[in-house]
Colleague: 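This is the structure I want to talk about, given as structure tokens.
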Amino acid sequence: MAGTVHHRGLDAQGHIEREGSLGRVPHAFRPVVAAARDRLIDVYGGRLNSAYLYGSIPRGTARVGRSDLDLLVVTRQEPTEEDRDAARSLGEALDKEFPEIDGVGTLLYGRARLLSEPETYDLGWFVACLCTPLLGEDLAEDLPRYRPDSILARETNGDLALLLPRWRERVAGAGDTDEARRPLVRFMSRHLVRTGFTLVMPRWNGWTSDLREMAEAFAEYYPERAQDLRRAAESGYEPTGDAGVLRSYVDDLGPWLAAEYARVHGIKAPRPDIA
């Protein structure tokens, strides 16, 4: 029933608890995590400020051969093209060497950007609550504690309307095969479910990174759209290459979510890399 008070993922003071830890990394993934840690030091040397894991591996829910390795790399200065090329090369090498993972996703930012005021409730929150320290300084020590409130909702996912034109371009430019469309279905499914969840997060009053739980939380407040988000959650875990799914995302579910998000929480403040 809508209005139920939840406190999942919060501490006794109502702050979002940091999820994940190195102790939760499943045994099968520990060699790739160790290799990533060692190679990040070799690749970036003194340019490296910090490195983090995020996603299913540090949460302990990763599936062998199905889950990707998610890394956040923080450089002391703003990253260069050389730094970005190095991240891509490192990810490709790890993916090729370790069959336990299905790809590597690496985010790369400079320290100042992550600690900047405009990013406090977006990238800052991401570091403090969703990232597990792997190397170097933990920037969470210089960031506030976070509650599941409307400010956080707006600044994390209040930009869907800006993203949809780019999504349509990606859908139009994708190859006409299931293999080409499947990564897009997975990415967009996850993004839409997370957006639907943070839309209701302040009322639900809690935090989870489980897509199915996110969809159920959303369903409490938007039963007329519940099945759309439940299907998206399943596609986030088991994506198909169905072109119809992508069309429904960019023509129906995505625009509806963007409009409702703007009505409830407002629009995310502009960022340097957001047109």
Colleague: What residue pairs, at least two apart or across chains, pass side chain to side chain donor-acceptor pair (under 3.5 Å) with a residue in residues 87-96?
Modeller: Asp85-Arg88

Colleague: Please list, chain by chain and in numerical order, all residues satisfying side-chain hydrogen bond (donor to acceptor under 3.5 Å, both in side chains) with Arg24, sequence neighbours excluded.
Modeller: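 Result, side-chain hydrogen bond (donor to acceptor under 3.5 Å, both in side chains) vs Arg24: none returned.
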
Colleague: If a pair satisfies ring pair (Phe, Tyr, Trp, His ring centres under 6.0 Å) and one of its residues is in residues 19-67, list it, with sequence neighbours excluded.
Modeller: Tyr54-Phe126

Colleague: Suppose we screen for side-chain contact (heavy atoms from CB on, under 4.5 Å). Which residues come up paired with Glu19, at least two apart in sequence or across chains?
Modeller: Arg59, Leu130, Trp207, Ser209

Colleague: Check side-chain contact (heavy atoms from CB on, under 4.5 Å) between Ala28 and all other residues, then give those that pass, not counting sequence neighbours.
Modeller: Val64

Colleague: So which heavy atom on Pro148 is nearest to which on Gly14, and how close?
Modeller: CD-O, 3.7 Å

Colleague: Under the side-chain contact (heavy atoms from CB on, under 4.5 Å) test, which residues partner Ser116, sequence neighbours left out?
Modeller: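 For Ser116 the side-chain contact (heavy atoms from CB on, under 4.5 Å) partners, ignoring immediate neighbours, are Pro118, Glu119.
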
Colleague: Let me have the donor-acceptor pairs involving side chains of residues 36-43, under 3.5 Å, with sequence neighbours excluded, atom names and distances please.
Modeller:
| from | atom 1 | to | atom 2 | distance (Å) |
| --- | --- | --- | --- | --- |
| Arg39 | NH1 | Glu97 | OE1 | 3.0 |
| Arg39 | NH2 | Glu97 | OE1 | 2.7 |
| Arg39 | NH2 | Glu97 | OE2 | 3.1 |

Colleague: Quick one: list whatever passes side-chain hydrogen bond (donor to acceptor under 3.5 Å, both in side chains) with Asp149, sequence neighbours left out.
Modeller: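 Here no residue qualifies.
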
Colleague: If we check side chain to side chain contact (heavy atoms under 4.5 Å, CB included) with Arg186, which of these qualifies: Met188, Arg190, Arg182?
Modeller: Arg190

Colleague: Do you know the tightest heavy-atom contact between Ala180 and Pro183?
Modeller: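 Where Ala180 meets Pro183 most closely, the heavy atoms are O-CD, 3.5 Å.
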
Colleague: When Ile, Leu, Val, Met, Phe, Trp and Tyr are grouped by side-chain heavy atoms lying under 4.5 Å apart, directly or through other members, which residues fall in the same group as Ile267?
Modeller: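 Same cluster as Ile267: nobody, lone residue.
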
Colleague: Looking at every heavy atom in both Ala62 and Ile57, which two are closest together, and how far apart are they?
Modeller: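 Nearest pair, atom of Ala62 first, then Ile57: CB-CG1, 3.7 Å.
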
Colleague: I'd like to know if Leu72 and Leu90 are part of one continuous hydrophobic network [Ile/Leu/Val/Met/Phe/Trp/Tyr, side-chain heavy atoms within less than 4.5 Å].
Modeller: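 Each belongs to a different hydrophobic cluster.
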
Colleague: side-chain contact (heavy atoms from CB on, under 4.5 Å) with Thr208: which residues, sequence neighbours excluded?
Modeller: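 Scan of Thr208 (side-chain contact (heavy atoms from CB on, under 4.5 Å), adjacent residues dropped) gives Arg8, Phe197, Trp204, Asp210, Glu213, Met214.
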
Colleague: Got a sec, which residues hit salt bridge (charged side-chain N to carboxylate O under 4.0 Å, His left out) with Arg66, two or more places apart in sequence or on another chain?
Modeller: Glu238

Colleague: Taking only distance into account, with no hydrogens and no angle test, what donor-acceptor pairs under 3.5 Å do side-chain atoms of residues 250-260 form with protein atoms, sequence neighbours excluded?
Modeller:
| from | atom 1 | to | atom 2 | distance (Å) |
| --- | --- | --- | --- | --- |
| Asp252 | OD1 | Arg225 | NH2 | 2.9 |
| Asp252 | OD2 | Arg225 | NH1 | 3.2 |
| Glu260 | OE1 | Arg263 | NE | 3.1 |
| Glu260 | OE2 | Tyr222 | OH | 2.7 |
| Glu260 | OE2 | Arg263 | NE | 3.4 |
| Glu260 | OE2 | Arg263 | NH2 | 2.6 |

